[in-house]
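For reference, the structure is listed below as structure tokens.
As the structure is a computational prediction, the values presented were derived from the model and not from experiment. Whatever order the structure lists them in is the order used to number ligands and atoms, beginning at 1.
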Amino acid sequence: MRIEKIALNGFRNYEWESAEFAPGTNVITGRNAQGKTNLLESVYLLSAGHSFRTRFDRELVNFEYSSADILAEVQSHERQQTVHIVLTPGQTKKIQVNGVKKKSAELSEIVNTVLFSPDDLNLIKEGAAQRRRLMDEAISQIRPRYAELLSSFNRLYEHKTRILKDWREKPSLLETLDEFSDGMARASAQLIRYRAAFALRLQEAAAPIHRDFSDNGERLDIRYQTVSTVRDVYASAKEIYYDICDHQERHRQAELDAGQCLTGAHKDDLEICINEKSARNFASQGQTRTAALSLKLAEREIFLKETGEYPILLLDDVLSELDERRQEFVLNRIGGGQTLITCCEDEGISQRTGGKVLFVDNGRIRG
Ligand code: ATP
Ligand code: MG
């Protein structure tokens, strides 16, 4: 799949601007703060319906504008499709595909992206939230139902957390606690099944990439970790639900004492091992970077298997963070699909990739 054209009106620092992309590699270059990441963000929005930098749509609208418009032509599933998103602060966003109204979660049926930014290079060493985000973003695109499930889980989690925080001042809140706990256990059971299946595919796709990439053929293992009482993450949602209820009952008092949720899929993680040792605790910086790259490139392979097309790969400033050997590895691995790479002007990356160069200068795009 690929994006052919995009037109932005009132999006971030763009007033009225458009760009055309080549099918393979596109290098988006320019000085700092000119709009390179903003352009990538607009493409990401076409697949997710939201930004990767903010939860607030109003931040995406140009300071001088009352709404932002993103109009794009994409080639996907062997046809030309038009995606149109209008963001107006205070209103729900309007999304249309080929003139037909759609929900955010439906966008992933048309456009898929895999985003890779310098933060992702610390994926292995960071807290569990980063690794959950990797799972959530990927599964949401592959399984639209997952995105809905996750947002209802998050609502339950926020609500239950509020009860656990405020019950001392307002004891009547406890009347609804069990209801929220039960809802969280049910939603967790479903999330766990999706995540367990994804983690297995990630392992299958990432291990051979990491073996090729590491100097001495290191072995990469990915293990999904969830609520400790869950005996089999591949079991039916019902069995998983009962196991979670068990954990919940045992931790009910502890949750009230601590004022926070202790049971549920919100604490899930991926344990990453290199040569059977925890990468988080024992791997060198180089090793963890290599593993992070392997995971991200594996995500791309999973999309290909799932949809029959490579997703659009968005590399935001990531190449400049890598040594030459790792840059070469990434550039050699990304053939077959479309890639948008942002980098600063003076890094010489544009010449090395041989792709189309788009030059961004203060919200204008030349190329
Ligand atoms: P760098 O090389 O430093 O990463 P960049 O080219 O990626 O720079 P962007 O992150 O795209 O830069 O941001 C460009 C500019 O857009 C920033 O100066 C920022 O202030 C501006 N900007 C962000 N949001 C808005 C908005 N809603 N309205 C107008 N300008 C905005
Ligand atoms: Mg940037």
Side-chain angles (χ1 to χ4, degrees), residues 3 5-21 25-72 84-95 113-123 130 133 137 289 292-293 296 312-322 327 330-331 334 338-353 355-367:
I3 175 162
K5 277 187 213 161
I6 196 160
L8 303 171
N9 187 13
F11 180 82
R12 293 279 196 189
N13 69 331
Y14 291 96
E15 292 189 354
W16 178 244
E17 190 53 297
S18 62
E20 288 187 19
F21 299 102
T25 305
N26 295 267
V27 179
I28 300 162
T29 187
R31 288 175 295 119
N32 291 128
Q34 302 304 306
K36 302 183 296 295
T37 302
N38 293 346
L39 181 58
L40 227 58
E41 189 179 33
S42 69
V43 177
Y44 181 90
L45 222 95
L46 298 170
S47 65
H50 60 82
S51 162
F52 56 83
R53 295 204 282 190
T54 174
R55 289 203 295 136
F56 306 107
D57 285 351
R58 77 181 113 79
E59 290 181 17
L60 305 174
V61 179
N62 189 299
F63 304 135
E64 313 293 326
Y65 280 59
S66 56
S67 69
D69 235 271
I70 305 168
L71 183 64
H84 187 195
I85 302 180
V86 184
L87 307 164
T88 312
Q91 293 181 21
T92 47
K93 64 186 130 247
K94 291 199 189 90
I95 300 172
T113 55
V114 168
L115 170 75
F116 197 171
S117 69
D119 285 349
D120 293 314
L121 290 169
N122 303 319
L123 191 64
Q130 302 294 324
R133 202 173 99 172
E137 280 174 6
R289 289 190 147 211
L293 283 167
K296 278 285 159 179
I312 303 168
L313 182 64
L314 306 175
L315 301 179
D316 191 19
D317 270 338
V318 85
L319 287 184
S320 56
E321 291 284 319
L322 300 175
Q327 283 186 5
V330 173
L331 292 172
I334 58 176
Q338 189 183 41
T339 307
L340 312 189
I341 302 174
T342 69
C343 61
C344 267
E345 230 174 329
D346 46 356
E347 284 162 359
I349 287 170
S350 42
Q351 295 89 317
R352 296 190 33 221
T353 64
K356 173 171 180 169
V357 179
L358 295 108
F359 191 81
V360 179
D361 182 23
N362 193 20
R364 312 274 359 176
I365 306 166
R366 279 187 278 122

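Annotation: the span from Ile70 atom CD1 to Leu87 atom CG amounts to 5.5 Å, rounded to 0.5 Å. Note: Lys94 NZ to Ile85 CD1 = 13.0 Å, rounded to the nearest 0.5 Å. Note that CG of Leu314 and OH of Tyr44 are 9.0 Å apart. Values are rounded to the nearest 0.5 Å.
Those atoms of ligand 1 with a heavy atom of Thr37 less than 4.0 angstrom away are 4 (O), 5 (P), 7 (O), 10 (O), 11 (O).
Residue contact check for ligand 1: Gly35 places a non-hydrogen atom closer than 4.0 Å to it.
Of all protein heavy atoms, the one lying nearest to atom 20 (O) of ligand 1 is Phe63 CE1, 5.0 Å. At the shortest separation from atom 4 (O) of ligand 1 among protein heavy atoms lies Asp317 OD2, 3.6 Å. The protein heavy atom nearest to atom 15 (C) of ligand 1 is Ala33 O, 3.7 Å. In terms of protein heavy-atom proximity, atom 21 (C) of ligand 1 is nearest to Asn13 CB, 4.0 Å. From the protein, the heavy atom lying nearest to atom 9 (P) of ligand 1 is Asn38 OD1, 3.6 Å. Looking only at heavy atoms of the protein, atom 3 (O) of ligand 1 is closest to Asn32 ND2, 3.1 Å.
Minimum heavy-atom separation, Asp317 to Pro118: O-CG, 3.7 Å. The minimum heavy-atom distance between Val360 and Gln34, with the atom names listed, is CG1-O, 3.3 Å. Heavy atoms only, all atoms of each residue included: Arg364 and Tyr14 are closest at N-CE2, 4.4 Å. Nearest heavy-atom pair, His50 versus Leu45, reported as atom, atom and distance to 0.1 Å: C-CD1, 3.4 Å. Here the shortest heavy-atom pairing between Leu60 and Ala68 reads O-CB, 4.2 Å. Closest of all the heavy-atom pairs between Arg133 and Phe52 is NH1-O, 4.5 Å.
Here Asn62 pairs with nothing under the side-chain hydrogen bond (donor to acceptor under 3.5 Å, both in side chains) rule; sequence neighbours left out. For Thr54, the side-chain hydrogen bond (donor to acceptor under 3.5 Å, both in side chains) partners at least two apart in sequence or on another chain are Glu59. Every residue was checked against the salt bridge (charged side-chain N to carboxylate O under 4.0 Å, His left out) condition with Arg58, not counting sequence neighbours, and none meets it.
Residue-level proximity to ligand 1 for Glu64 is absent, since no heavy atom of it falls below 4.0 angstrom. With a heavy-atom cut-off of 4.0 Å, Val61 touches ligand 1 through its backbone alone.
For atom 25 (C) of ligand 1, the protein comes within 4.0 Å by at least one heavy atom.
Protein atoms that are N, O or S and lie under 2.8 Å from the Mg ion (ligand 2) are these: Thr37 OG1.
Of the listed residues (Arg53, Gln34, Arg31, Lys36), the one carrying the non-hydrogen atom nearest atom 10 (O) of ligand 1 is Arg53.
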